[in-house]
Amino acid sequence: MRILVIHQNFPGQYKHLAPALVAAGHEVVALTLKVKAPTTFHGVRVLPYRLERGNAPGLHPWLTDFETKLIRAEGCHAGAVALREQGFAPDVILAHPGWGESLFLKDVWPDARLGLFCELYHRSDYPHVDFDPEFPSPEGARGPLRLRMKNLNNRLHFEIAEAGVSPTRFQADTFPDTFRDRITVIHDGIDTEAVTPDPAARLDLGEGRALTCEDEVVTFVNRNLEPYRGYHVFMRALPELLRRRPRAHVAILGGDGVSYGARPPEGQSWKRIFIDEVRGQIPDADWARVHFLGRVPYAQFLSLLRVSRAHVYLTYPFVLSWSLLEAMSAEAAIVASDTAPVREVIRDGETGLLVDFFDGAGLVDRIDALLDDAALRVRLGRAARRTVREGYDLRTRCLPRQIAWVDGLAGLTPRAPAT
């Protein structure tokens, strides 16, 4: 087949699938904003498209969000037309629709089958909206109106897409029934042959300092340190955790930006706000055991997971992080929030320990108990890795299912573009 992949930040979720489709004998082309000139990625021909304009000043902010997607859709459409003029006609288009890029592609190739990566549908009645009363929606009662506008892009895609794929049941179930029955749940996949436990692991902290499996290490990972991923809850638990565990080191990985939710006040970062909140409660000697690593290369991230005695993962009811499954694959002993997406992979007392997202004292209790019980850590870690290998392994589970899904997508009757 000829397959076109659309992702603003290619390869994104197609990191493994796109090369696997090439290996299966298909011709795969990607259109993306990420590159400025044609290149290749593991046999995938990667082509840029351009944006012809920016946002208009003075628009209503809810309309600006859709205009941004429309501008990208227009640019991607132009790139698709140029590709068509070169003789390329895809049988299948795989697209992450979140940035709007794929909105007009059926107008270029009406007979192509469009399969969407369904990350999340924004619903005002879904639990991540106003989940945390400390950070209410700035629109207040108007929040559902804004979300309805934000979903315009999703709804327009539903009219033209043949099918969708979603990494977890929680994410798939956010979508309305009118499209949910076209979504198959298949995770992106964890490379369990690469993400393994290693008793000889060493986490370099710089300046000649390092942590190993001989140390008592508590780890916490976010792409960005922010409330959606429970950073504030974890930081507020630190003073008591450090007091109870005088030998523990706490390694915190994540950037200073915002991936989800509201931005902090102008000129500040969530990271600094919550450091400032708790720093006065923590003696200097204890604070020296807290290590902010920022963003690190993947190999160092794996070292962090491998030296961890207690890995903490907190999240609103939202998209499940790859890092949790990678920690499980590394046989880390997990303490995680008792929220819906987490419960898909963590069974309390079996593959990890669960705690109420807002219960900082309970979080400290569970970490403390875990650090005191080596046998429990081994049992939970092994069960966690077994869960990932049996249900989320890239090579033996997820990639074969993804490829079969693409094959099935190609056999569907094309839906005509809306007029």
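If you read the sequence from its start, that first residue is 1, and numbering goes on from there. Keep in mind that this is a model prediction, so the values were computed, not measured.
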Taking all non-hydrogen atoms of both residues into account, name the closest pair between Val185 and Ala172 and its distance.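 Where Val185 meets Ala172 most closely, the heavy atoms are CG2-CB, 3.8 Å.
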Can you name the closest pair of heavy atoms from Phe179 and Gly164 and give their distance?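 Distance-wise, the nearest heavy atoms are CZ-N, 4.2 Å.
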May I ask you to say whether [X] pairs ionically with [Y], meaning some side-chain N is under 4.0 Å from a carboxylate O?
{"X": "Arg279", "Y": "Asp284", "value": "yes"}
{"X": "Asp215", "Y": "Arg289", "value": "no"}
{"X": "Glu52", "Y": "Arg72", "value": "no"}
{"X": "Asp338", "Y": "Arg343", "value": "yes"}
{"X": "Glu159", "Y": "Arg182", "value": "no"}
{"X": "Asp65", "Y": "Lys69", "value": "yes"}
{"X": "Arg244", "Y": "Glu240", "value": "yes"}

Out of Val312, Thr219, Leu238, which residue meets the side chain to side chain contact (heavy atoms under 4.5 Å, CB included) rule with Val250?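 With Val250 as partner, side chain to side chain contact (heavy atoms under 4.5 Å, CB included) holds for just one option, Leu238.
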Between Leu31 and Phe10, does a side chain to side chain contact (heavy atoms under 4.5 Å, CB included) hold up when you go through it step by step? CA-CA 8 Å; Leu31 277 175; Phe10 182 84; over 6 Å; no
Among Tyr231, Trp270, Tyr316, find the one that has a ring pair (Phe, Tyr, Trp, His ring centres under 6.0 Å) with Phe135.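 Exactly one pass, corresponding to Trp270.
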Among Tyr313, Phe292, Phe234, Phe274, which one satisfies ring pair (Phe, Tyr, Trp, His ring centres under 6.0 Å) with Phe220?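 It is Phe234, the one option of Tyr313, Phe292, Phe234, Phe274 that forms the ring pair (Phe, Tyr, Trp, His ring centres under 6.0 Å) with Phe220.
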Side chain proximity check, [X] to [Y], heavy atoms < 4.5 angstrom:
{"X": "Val345", "Y": "Thr351", "result": "no"}
{"X": "Leu304", "Y": "Leu302", "result": "no"}
{"X": "Leu253", "Y": "Asn222", "result": "no"}
{"X": "Leu314", "Y": "Leu363", "result": "yes"}
{"X": "His249", "Y": "Val218", "result": "no"}
{"X": "Trp322", "Y": "Pro167", "result": "no"}

Hey, mind stepping through Asp372 and Arg377 against salt bridge (Lys or Arg N to Asp or Glu O under 4.0 Å) and telling me if it holds? CA-CA 9 Å; Asp372 277 337; Arg377 294 197 303 270; over 6 Å; no
Look at the side chain of [X] and the backbone N and O of [Y], then say whether any donor-acceptor pair between them is shorter than 3.5 Å.
{"X": "Arg2", "Y": "Val28", "result": "no"}
{"X": "Thr184", "Y": "Val165", "result": "no"}
{"X": "Ser303", "Y": "Ala299", "result": "yes"}
{"X": "Glu101", "Y": "Ile6", "result": "no"}

Are more than 12 heavy atoms, taken from residues, nucleotides or ligands other than [X], located less than 6.0 Å from that residue's [atom1] atom?
{"X": "Arg415", "atom1": "CZ", "result": "yes"}
{"X": "Arg263", "atom1": "CZ", "result": "no"}
{"X": "Asp181", "atom1": "CG", "result": "yes"}
{"X": "Arg209", "atom1": "CZ", "result": "yes"}

Do [X] and [Y] meet the criterion of a side-chain donor-acceptor pair at a distance under 3.5 Å?
{"X": "Thr64", "Y": "Asn55", "result": "no"}
{"X": "Ser329", "Y": "Arg389", "result": "no"}
{"X": "Gln171", "Y": "Thr168", "result": "yes"}
{"X": "Asn9", "Y": "His96", "result": "no"}
{"X": "His7", "Y": "Gln13", "result": "yes"}

Identify which one of Glu326, Arg223, Arg229 satisfies the side-chain hydrogen bond (donor to acceptor under 3.5 Å, both in side chains) criterion when paired with Ser321.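 Of the listed residues Glu326, Arg223, Arg229, the side-chain hydrogen bond (donor to acceptor under 3.5 Å, both in side chains) partner of Ser321 is Arg229.
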Arg379 vs Glu331, test: salt bridge (Lys or Arg N to Asp or Glu O under 4.0 Å). Steps then yes/no. CA-CA 9 Å; Arg379 177 171 65 81; Glu331 285 191 6; over 6 Å; no
What is the ring orientation for Phe131 with Phe357, classed by angle as parallel under 30°, tilted 30 to 60°, or perpendicular over 60°?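 The arrangement is perpendicular - the two ring planes meet at more than 60°.
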Give the intermediate values and the outcome of side chain to side chain contact (heavy atoms under 4.5 Å, CB included) for residues Leu51 and Glu74. CA-CA 8 Å; Leu51 303 183; Glu74 184 180 39; over 6 Å; no
Determine whether Arg243 and Asp368 satisfy the following criterion, salt bridge (Lys or Arg N to Asp or Glu O under 4.0 Å), listing intermediate values before the conclusion. CA-CA 11 Å; Arg243 186 191 68 77; Asp368 191 28; over 6 Å; no
Stepwise salt bridge (Lys or Arg N to Asp or Glu O under 4.0 Å) check, Glu214 with Arg202: CA-CA 10 Å; Glu214 300 301 313; Arg202 174 187 173 92; over 6 Å; no
